[in-house]
Amino acid sequence: MPNSATTWKLIHSEREALANTLEGLTPEQWGEPSLCAGWSIQLAAGHVLAGAEQTPLAFTTGLIKSGLRFNTMVNRDARRLGALAPKEIIERLRARTTTTNHPPAPVSAMLGEVVVHGEDIRRPLGVHAKIATDAVVECLEMYKGANFPVGAKKRIAGLKLSASDVDWSHGAGPEVSGSALSLLMVMTGRGVAVDELSGEGVAILRTRL
């Protein structure tokens, strides 16, 4: 894994790129559904901002107030910050392109948040952005061994994942091949990307989404 300084550089770059994406959206697009069930583009953006502004103390306090229910806390924070005006969401996200605060989780988790949720926002709108290869690969490395909170490790168990655009592979078994970003999206439960993959393991993976 890269050191934390390298990871933070990637995080800050992807936050800036997402802020640029958000800045180009129309009022109608902010209200469109994201890939996160039940969340609009604006609520998904609010969730990214919540993670970017999170601290260990605020995380612990929020979790206690939510009855130790992680998903309840996440949804509450997304709706709280998603209620802000789009301009304020963008400004506050840009303000987090130099800071290094984060919840009690690996720094790589913050990279996963902005990369995956950035795609949750862009893909439904047909918006494309060049995501740094190093950022995608670091996310793949992180999620391949993690079940919480997206169940990636269990989802890809018994399969061989092979990226077609970078030198990355993982696992053994029926092969699933595609771009690193497509693999990342499916690994984290985004079924919309499964048709971008090929190989005998795709049918198995499809049943797990």
Side-chain angles (χ1 to χ4, degrees), residues 1-12 14-15 18 34-37 39 44 47-48 50-52 54-56 58-60 62-63 66 68-75 77-78 100-121 123 131-163 166-194 196-197 201-202 204-209:
M1 278 288 189
N3 62 42
S4 60
T6 300
T7 301
W8 277 116
K9 185 175 180 179
L10 292 170
I11 292 167
H12 293 153
E14 294 305 324
R15 284 178 182 170
L18 180 56
S34 73
L35 292 185
C36 300
W39 284 0
H47 171 69
V48 174
Q54 192 63 273
T55 65
F59 179 90
T60 302
L63 193 59
S66 299
L68 302 182
R69 297 187 296 271
F70 177 77
N71 288 334
T72 297
M73 179 187 70
V74 167
N75 188 56
D77 285 347
T100 57
N101 56 287
H102 62 94
V107 173
S108 291
M110 303 307 295
L111 181 60
E113 279 285 297
V114 68
V115 170
V116 175
H117 288 308
E119 287 297 285
D120 287 338
I121 288 168
R123 285 182 176 235
I131 299 174
T133 298
D134 288 349
V136 179
V137 170
E138 183 169 344
C139 289
L140 287 168
E141 284 294 303
M142 173 188 61
Y143 283 123
K144 73 181 185 183
N147 271 324
F148 181 80
V150 295
K153 182 180 179 180
K154 182 178 180 180
R155 188 172 292 113
I156 64 174
L159 299 173
K160 179 180 180 180
L161 274 58
S162 300
V166 297
D167 184 18
W168 184 87
S169 63
H170 169 72
E175 188 171 32
V176 177
S177 178
S179 74
L181 185 57
S182 296
L183 291 172
L184 176 63
M185 293 301 285
V186 173
M187 180 188 293
T188 55
R190 277 68 179 175
V192 68
V194 73
E196 300 167 11
L197 305 176
V202 172
I204 297 171
L205 187 54
R206 193 186 298 272
T207 66
R208 299 175 181 177
L209 291 168

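By convention here, the first residue in the shown sequence is residue 1.
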Inter-residue atom distance Arg15.CZ - Trp8.CH2, 0.5 Å rounding: 5.0 Å

If the condition is side-chain hydrogen bond (donor to acceptor under 3.5 Å, both in side chains), which residues does Ser162 pass it with, not counting sequence neighbours? Glu175

Applying side-chain hydrogen bond (donor to acceptor under 3.5 Å, both in side chains), can you list everything that pairs with Lys160, at least two apart in sequence or on another chain? none

Check for a donor-acceptor pair, side chain of Gln54 on one end and backbone N or O of Phe59 on the other, with a separation under 3.5 Å. yes

So does Val116 get a backbone contact from the side chain of Arg190, meaning a donor-acceptor N/O pair under 3.5 Å? no

Provide the full list of ring pair (Phe, Tyr, Trp, His ring centres under 6.0 Å) pairs with a residue in residues 168-188, sequence neighbours left out, each pair given once. none

Kindly write out the residues that satisfy side-chain hydrogen bond (donor to acceptor under 3.5 Å, both in side chains) with Ser66, not counting sequence neighbours, or none if the list is empty. Arg76

Value rounded to 0.5 Å, distance of OG1 in Thr7 from CD in Glu138: 3.5 Å

Rounded distance [0.5 Å steps], CD1 in Ile131 versus CG in Leu18: 9.5 Å

Test of understanding: with side-chain hydrogen bond (donor to acceptor under 3.5 Å, both in side chains), list the residues that count as partners of Asn101, not counting sequence neighbours. Arg96, Thr99

Checking side-chain contact (heavy atoms from CB on, under 4.5 Å) against Leu183, which of Leu161, Leu205, Val166, Thr188 comes through? Leu161

Only one of Ile156, Val186, Leu159 passes side-chain contact (heavy atoms from CB on, under 4.5 Å) with Arg208; say which it is. Leu159

Please list, chain by chain and in numerical order, all residues satisfying ring pair (Phe, Tyr, Trp, His ring centres under 6.0 Å) with His47, sequence neighbours excluded. Trp39, His117

